[in-house]
Amino acid sequence: MSTSKLQQRVVRHSASRGAGSPDVWGVYEPDTGSIQYICADPTTKKAALIDVAWNFDPQHYRFSTESMDQVLDLVRENGLTVEWVLDTHPHADHVMASAHLKERTGAPNAIGDKVHEIAALWAEIYNLPDAFDPARDFDRLFAVGETFRIGELEVRVMLSPGHTLGSITYVCGDAAFTHDTLMQPDVGTARADFPGGNTEQLWDSIQDILALPAETRLFVGHDYRAEGRDEPTWEATVVEHKAKNPHVKDGTRREDWIKRRDERDATLPPPDCILAALQVNLRGGRLPPAEDDGRAYLKLPVNRF
């Protein structure tokens, strides 16, 4: 484990376990508790960037590039070539760096094809019927069960709805990038109360993830740190979750978890930047077109939530 000089962002490397197993670097972004990933084929040094953030200050509505800069520094330091820019879903708590990374690396950007349905939902919320066109803003929209390659490693796309209606999990060998489904085993699970979210679907998605082979490394989307734990963590195996995760360990009843999750979600405020983030992320990480003064503007629905 090393700690970067950029606002104490924590970086950890999870080494390949052998043939068919990727190298994975996780980069913790402290402002939102998000984890950004590099998934690389150790043989070819080809890599995918997953859920990288474009830093956003919701107090000043100011953007900066510290996180993506650090991720690209790690790419260079490890002699990697970026082959894909991937997101698991349109995030509500951070702005995706997808468009910027595509421009800076030349790699295609991608997300799940159900982003069309998420875009339609939020177009109604913002009253922006023509604003979002995922086919325009992403080079690839992955279907459920579709496969692609990072170097010589095959990646399979799992549909994992619940947090959003179109969230996907990337499974690459013995590594699965599970986004906002599970938290760490000492924390529990993610929320399901955003527009398009569904608690029952999230339970089913988590069970599909926990049906992966026992030693699969599960890389989560966030860590807010359990009480008493100082350092952020983001990796645990299927078997560790099934033994220790207080929300979904073996023996947990579906109806009990749904009740617990719904009651907890009812107490949670929305993320500070949700209304800004979704409006940018559903454009693939692009701001709206500049107006006649050369500036971009965001539209915020008043008294909607």
Can you list, pair by pair, the side-chain donor-acceptor contacts under 3.5 Å of residues 285-296, counting residues two or more places apart and other chains?
residue, atom, partner, partner atom, Å
Arg286, NH1, Asp137, O, 3.0
Arg286, NH1, Arg283, O, 3.2
Asp293, OD1, Arg295, N, 3.0
Asp293, OD2, Tyr297, OH, 2.5

Side chain proximity check, [X] to [Y], heavy atoms < 4.5 angstrom:
| X | Y | result |
| --- | --- | --- |
| Tyr224 | Pro232 | no |
| Leu298 | Tyr61 | yes |
| Gln36 | Asp51 | no |
| Glu66 | Ser64 | yes |
| Lys46 | Leu80 | no |
| Ile111 | Met96 | yes |
| Phe219 | Tyr37 | yes |
| Asp41 | Pro22 | no |

[X] side chain vs [Y] backbone, donor-acceptor pair below 3.5 Å:
| X | Y | result |
| --- | --- | --- |
| Tyr126 | Gln279 | yes |
| Thr164 | Ser167 | yes |
| Asn245 | Gly188 | yes |
| Asp186 | Ala226 | no |
| Gln184 | Glu235 | yes |
| Asn281 | His91 | yes |
| Asp87 | His89 | no |
| Thr237 | Glu240 | yes |

If I take atom [atom1] from residue [X] and atom [atom2] from residue [Y], how far apart are they, to the nearest 0.5 angstrom?
| X | Y | atom1 | atom2 | value |
| --- | --- | --- | --- | --- |
| Thr216 | His241 | OG1 | NE2 | 11.0 Å |
| Asp23 | His13 | CG | NE2 | 3.5 Å |
| Ile125 | Leu275 | CD1 | CG | 8.5 Å |
| Leu49 | Lys102 | CG | NZ | 14.5 Å |
| Ile258 | Thr252 | CD1 | OG1 | 12.0 Å |
| Trp54 | Thr65 | CH2 | OG1 | 10.0 Å |

So, for [X] and [Y], which heavy atoms are closest and what is the spacing to 0.1 Å?
| X | Y | value |
| --- | --- | --- |
| Tyr28 | Gly33 | CE1-CA, 3.7 Å |
| Gly196 | Leu121 | N-CD2, 3.6 Å |
| Leu141 | Gly112 | CD2-O, 4.2 Å |
| Pro58 | Cys273 | CB-CB, 4.4 Å |
| Val82 | Ala107 | O-CB, 3.6 Å |
| Ser98 | Asn109 | OG-ND2, 2.9 Å |

Check this for me, if you would: do [X] and [Y] make a salt bridge, where the nitrogen-to-carboxylate-oxygen distance has to be below 4.0 angstrom?
| X | Y | value |
| --- | --- | --- |
| Arg254 | Asp204 | yes |
| Arg229 | Asp223 | yes |
| Arg261 | Asp265 | yes |
| Arg140 | Glu83 | no |
| Arg225 | Asp230 | no |

Answer yes or no: does atom CD of Gln207 have more than 12 heavy-atom neighbours from other residues, nucleotides or ligands under 6.0 Å?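 It does: Gln207 CD has more than 12 such atoms within range.
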
Please step through side chain to side chain donor-acceptor pair (under 3.5 Å) for the pair Ser21 and Arg217, ending with a clear verdict. CA-CA 10 Å; Ser21 173; Arg217 296 172 286 167; 3.1 Å; yes

Find out if a path of hydrophobic residues (ILVMFWY) with successive side-chain heavy-atom gaps under 4.5 Å connects Met183 to Val24.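 Different clusters.
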
Do Val248 and Val187 land in one hydrophobic cluster if side-chain heavy atoms of ILVMFWY residues count as linked below 4.5 Å?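 Different clusters: Val248 never reaches Val187 through Ile, Leu, Val, Met, Phe, Trp or Tyr contacts under 4.5 Å.
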
Decide whether [X] and [Y] meet the rule of one side-chain donor and one side-chain acceptor closer than 3.5 Å.
| X | Y | value |
| --- | --- | --- |
| Thr199 | Asp262 | yes |
| Asp93 | His222 | yes |
| Ser205 | Asp208 | no |
| Ser67 | Glu29 | no |
| His94 | Ser34 | yes |
| Thr189 | His247 | yes |

Return the orientation label for the Trp203 and Trp257 ring planes: parallel under 30°, perpendicular over 60°, tilted otherwise.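 Answer is tilted, since the angle falls between 30° and 60°.
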
What is the ring orientation for Phe56 with Phe63, classed by angle as parallel under 30°, tilted 30 to 60°, or perpendicular over 60°?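 Tilted.
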
Give the table of side-chain donor-acceptor pairs shorter than 3.5 Å for residues 149-162, with sequence neighbours excluded, one pair per line with atom names and distance.
residue, atom, partner, partner atom, Å
Arg149, NH1, Glu152, O, 2.8
Ser160, OG, Thr169, OG1, 2.8

Measuring centre to centre across the rings, with the benzene-like ring taken for any Trp, is Phe142 within less than 6.0 Å of Trp84?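 When the ring centroids of Phe142 and Trp84 are compared, they turn out to be within the sub-6.0 Å range.
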
Are His163 and His179 an aromatic pair, judged by ring center distance below 6.0 Å?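 Here the rings of His163 and His179 have centres that are no less than 6.0 Å from each other.
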
Looking at Trp234, does the NZ or CZ of Arg12 lie under 6.0 angstrom from its six-membered ring centre and within 45 degrees of the ring axis?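 Verdict for Trp234: a cation-pi partner in Arg12.
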
Test ring pair (Phe, Tyr, Trp, His ring centres under 6.0 Å) on Tyr170 and Phe177 and set out the steps. CA-CA 5 Å; Tyr170 297 107; Phe177 300 88; 7.5 Å; no

Please evaluate residues Lys259 and Asp256 with respect to the criterion salt bridge (charged side-chain N to carboxylate O under 4.0 Å, His left out), reporting the C-alpha separation (whole Å), side-chain torsions for both, the decisive distance (0.1 Å), and the verdict. CA-CA 5 Å; Lys259 181 176 184 293; Asp256 291 339; over 6 Å; no

Considering residues at least two apart in sequence or located in another chain, which fulfil the salt bridge (charged side-chain N to carboxylate O under 4.0 Å, His left out) criterion with Asp57?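 Checked Asp57 against salt bridge (charged side-chain N to carboxylate O under 4.0 Å, His left out); zero matches.
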
Pick one: which of Ile50, Asn78, Leu74, Val11 meets side-chain contact (heavy atoms from CB on, under 4.5 Å) with Ile38?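 It is Leu74; the other options fail the test.
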
